[in-house]
Amino acid sequence: MSAQLSQNLLLTVPMAPLVGAVVAGLFGKTVGRRGAHVITILGVLISFIISVMVLKSVGLDGARFNGTVYEWMNLGGLKMEVGFLIDGLTAMMMCVVTFVSLMVHIYTIGYMEEDPGYQRFFSYISLFTFSMLMLVMSNNFLQLFFGWEAVGLVSYLLIGFWFKRPTAIFANMKAFLVNRVGDFGFILGIGLIVAFTGSLNYSEVFAKAEEYAKLPFPLPLWGGEWMLITVTCICLFIGAMGKSAQFPLHVWLPDSMEGPTPISALIHAATMVTAGIFMVTRMSPLFELSDTALSVVLVVGAITALFMGFLGIIQNDIKRVVAYSTLSQLGYMTVALGASAYSVAVFHLMTHAFFKALLFLGAGSVIIGMHHDQDIRNMGGLRKYMPLTWITSLLGSLALIGTPFFAGFYSKDSIIEAVHASHLPGAGFAYFAVVAGVFVTAFYSFRMYFLVFHGKERFHHKPFPGEHDHHDDHAEHHDPHESPWVVTAPLVLLAIPSVVIGFLTIQPMLFGDFLKDAITVHGAHHPAMAELAEGFHGATAMALHGLTTLPFWLALGGVVTAYVFYLVKPEIPAWFARTFAPVIKVLENKYYMDWINENILAAATRRLGMGLWKGGDVAVIDGAVNGSASLVGAFSSVVRTLQTGYLSWYALFMVLGVFGLMTWQLWPYLMSLIVH
């Protein structure tokens with residue numbers, strides 16, 4: 001253990017936001033609105049400063065920590081403990097989580113200024129930060145699961161923060177239930193690991209990975225015998241599908257927009273949805289032992305990357321456009337995991353955290369400026385009214401579409417190259433999906449950008465016929481305005497890493513030793529990263545070469561197409577909408593996934609539950625219990641007729657009883673007399 005990574009210092013990182021959450025939540029009325037935001041921001045700031053110190057120690061001095069902080073139960077040798085594992089992966093995640101959370105905390109001062117739940121909101125987002133830090137810092141499956149469930153719980157509270165809105169209550173319940181499906185798979189995977197390794201500790205489990213990979217799964221599944229490692233990894237990945245919103249467990253994420261914008265940024269950028277990507281990366285010693293599991297990861301990620309991007313094209317709510325871009329980008333990260341390019345996946349996780357937080361907070365700034373109108377069809381020409389929001393949103397959009405030299409370029413192009421080098425089943429489809437997704441991403445990103453910041457001003461007029469009127473009274477009479485500094489300062493601070501972080505960190509993260517001991521890649525899966533390393537000649541050379549590649553021209557084509565469609569010839573998208581009305585309807589109904597879930601899967605589950613209730617609980621269990629009760633009751637009703645309360649009646653029974661006993665005793669003697 002390095003002296004630079006003391007246990008107490010590490011413990012401070014998650015504890016500081018927890019203290020802020022407790023003070024703001026339980027003593028909010030006492031400390032007031034100012035006290036609530038000061039104590040929570042101070043807690044997250046302390047966490048961020050220590051996280052940067054840890055990152056420096058890990059990156060420059062090679063410091064590491066893997067130890068138990070507190071053991072609270074030992075169950076026959078199975079240790080249940082709080083412990084930390086600090087390496088390059090953890091240190092990077094700690095910095096990303098605390099920095100983005102700090103920006104969101106500061107931004108919230110302006111965004112939630114007039115909200116009556118001000119202190120409660122600060123308490124929740126600090127608790128969210130604590131939960132995510134416990135998850136990423138854990139060195140054992142129990143603590144991982146605690147953090148996993150804690151971020152799910154707090155997301156439920158935050159999505160339904162405005163609990164008087166029926167849509168918010170529906171959205172948070174939907175998120176909670178969908179994640180229960182994923183978490184069921186996750187806990188099954190953990191249970192299999194504990195059952196066959198006898199440990200919850202990462203290091204002990206990974207040490208037994210090769211032995212674990214030789215075990216067959218004891219129950220027959222589709223197609224005959226499966227290996228235990230494959231079933232375990234697929235179960236773990238089902239958990240990641242829920243948390244990181246992969247098809248078909250993605251349906252909760254767009255509806256999470258019902259929460260306030262700051263929490264949308266926190267959920268989508270640095271906390272909940274990145275948990276699944278982080279977990280699979282941390283479990284790379286297990287996933288590397290199953291090509292089948294990796295192919296499942298690859299294909300699911302590819303479907304999510306492409307088909308969720310299509311849904312972003314037809315969204316008109318500014319936050320939902322950004323939400324569907326999150327789904328698509330999470331698909332890219334998952335594809336990288338399936339191609340065994342774990343370092344590329346977490347590299348994209350890091351760059352995405354900055355520009356996605358920037359885009360969400362930029363969208364929130366637009367919403368403030370537009371007096372809480374979120375329909376991009378009612379905007380236009382905001383560039384001159386909101387210059388800071390405009391330039392930071394442009395930088396975030398350029399990073400998102402993978403413009404050379406911007407952060408997103410380095411990570412997204414690395415994913416495309418890694419998938420191209422993969423030889424796993426499904427890699428061909430995945431490569432097509434991530435390449436086609438480049439055009440789709442550029443198109444819907446700049447569709448939103450052009451409709452919001454350029455073109456004619458539409459906020460002084462009534463919406464077009466057939467459109468919903470989202471205007472409030474203020475929006476009709478006041479021009480849009482730039483947001484206060486507590487909103488714009490985080491935008492500027494997030495815009496800086498959105499531009500430069502990829503350029504500065506690609507060498508150590510992908511081709512250096514920074515993540516070397518945190519990730520395991522087996523020989524058969526080396527070609528993806530080996531091909532990347534062979535073609536890498538520095539960040540500048542990579543960006544210059546990127547100007548000649550297919551993804552760059554597809555991204556440029558997407559931007560130009562959006563410009564022509566929405567600024568030059570707006571009649572073209574209207575023609576498409578008329579001509580391809582059935583396709584548009586499918587997209588507007590989100591591939592009917594909600595309908596399938598509610599009317600087929602949920603209905604089947606309800607019928608199963610009804611059958612188990614009536615057939616099992618009522619007929620069998622209640623039948624047995626009530627039947628025995630009825631038998632006792634019938635017997636009691638007979639016996640009850642003998643209990644008259646008259647002494648003469650009881651005396652008669654006593655005499656009859658004595659006579660009966662005497663007869664029973666004398667019967668053999670009487671029979672012998674009769675015989676003789």
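Everything quoted here is computed from the prediction, not taken from an experiment.
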_Would you say that more than 12 heavy atoms from the other residues, nucleotides or ligands in this model lie under 6.0 Å from the CH2 of W162, or not?_
yes

*State whether a side-chain donor-acceptor pair under 3.5 Å links H105 with S126.*
yes

*asked:* Can a donor-acceptor pair be found, under 3.5 Å and without considering hydrogens, that links the side chain of Q246 to the backbone of M241?
replied: no

*Does K384 come within less than 4.0 Å of E457, counting only side-chain N to carboxylate O?*
yes

*asked:* For Y118 and R33, which I'm curious about, is there any donor-acceptor pair between the side chains at under 3.5 Å?
replied: no

*What pair of heavy atoms forms the shortest contact from T98 to V44, and how long is it?*
O-CG1, 3.6 Å

*Which atom names give the shortest non-hydrogen contact between L547 and P404, and what distance separates them?*
CD2-CG, 3.7 Å

*Roughly how far apart are L494 CG and F99 CZ, rounded to 0.5 Å?*
5.0 Å

*Using a 4.5 Å cut-off on heavy atoms from C-beta on, say whether the side chain of I501 contacts that of Y410.*
no

*Would you check if the side chain of D255 reaches a backbone N or O of A171 as a donor-acceptor pair within less than 3.5 Å?*
no

*Side chains of S498 and L395 in contact at under 4.5 Å (non-hydrogen atoms)*: no

*Heavy atoms, side chains only, cut-off 4.5 Å: are L253 and Y324 in contact?*
no

_Does F432 have more than 12 heavy atoms from other residues, nucleotides or ligands lying within 6.0 Å of its CZ?_
no

*Test the R180-F176 pair against the cation-pi criterion, namely NZ or CZ under 6.0 angstrom from the six-membered ring centroid and within 45° of the ring axis.*
yes

*Residue pair F360 / V104, side-chain heavy-atom distance below 4.5 Å*: no

*Is the closest side-chain donor-acceptor distance between S411 and T351 under 3.5 Å?*
yes

_Test item: T334 side-chain N/O and G301 main-chain N/O as donor-acceptor pair under 3.5 Å_ = no

*asked:* Could you report the tightest heavy-atom contact between V97 and M132, atom names first, then the distance?
replied: CG2-CG, 3.8 Å

*Give a yes-or-no answer on whether the side chains of W595 and N589 include a donor-acceptor pair shorter than 3.5 Å.*
no

*Under 6.0 Å from the six-membered ring centre of Y332 and within 45° of its axis: does the NZ or CZ of K412 meet both?*
yes

*asked:* Quick check: F446 with Y449 (ring centres under 6.0 Å apart)?
replied: yes

*asked:* Ignoring hydrogens, what is the shortest heavy-atom contact between A543 and F409? Give both atom names and the distance.
replied: CA-CE2, 3.5 Å

*Determine, using ring centers only, whether Y563 and F450 are less than 6.0 Å apart.*
yes

*asked:* Using modelled atom types and a 3.5 Å cut-off, is there a donor and acceptor pairing between side-chain atoms of T304 and backbone atoms of G331?
replied: no

_Measuring from atom CG of L249 to atom CD1 of I238, what distance do you get when rounded to the nearest 0.5 angstrom?_
8.0 Å

*Decide if the gap between the ring center of F310 and the ring center of F307 is smaller than 6.0 angstrom.*
yes

*Donor + acceptor pair across side chains of T389, E482 (<3.5 Å)*: yes

*Quick check: does any side chain N or O of S393 sit under 3.5 Å from a backbone N or O of W390, one acting as donor and the other as acceptor?*
no

*I would like to know whether Y444 and S325 meet side chain to side chain donor-acceptor pair (under 3.5 Å); could you show each step before the answer?*
CA-CA 8 Å; Y444 67 67; S325 82; 4.5 Å; no

*Could you check I368 against H481 for side chain to side chain contact (heavy atoms under 4.5 Å, CB included), going step by step and ending with a plain yes or no?*
CA-CA 8 Å; I368 294 172; H481 56 84; 4.0 Å; yes

_Any side-chain to backbone donor/acceptor pair from S445 onto A442? Under 3.5 Å, distance only._
no

_Ring of F453, cation from R383 - is the NZ or CZ under 6.0 Å from the centre and inside 45° of the axis?_
no

_Can you tell whether the side chains of D375 and R377 come within less than 4.0 Å, N to carboxylate O?_
yes

*Going through the checks in order, is the ring-ring contact (aromatic ring centres under 6.0 Å, His included) test met by F576 and F565?*
CA-CA 10 Å; F576 269 103; F565 277 25; 5.7 Å; yes

_Main-chain N/O of G276 paired with S244 side-chain donor or acceptor, under 3.5 Å_ = yes

*asked:* Less than 4.5 Å apart, side chain to side chain, heavy atoms only: is that true for M92 and V346?
replied: yes

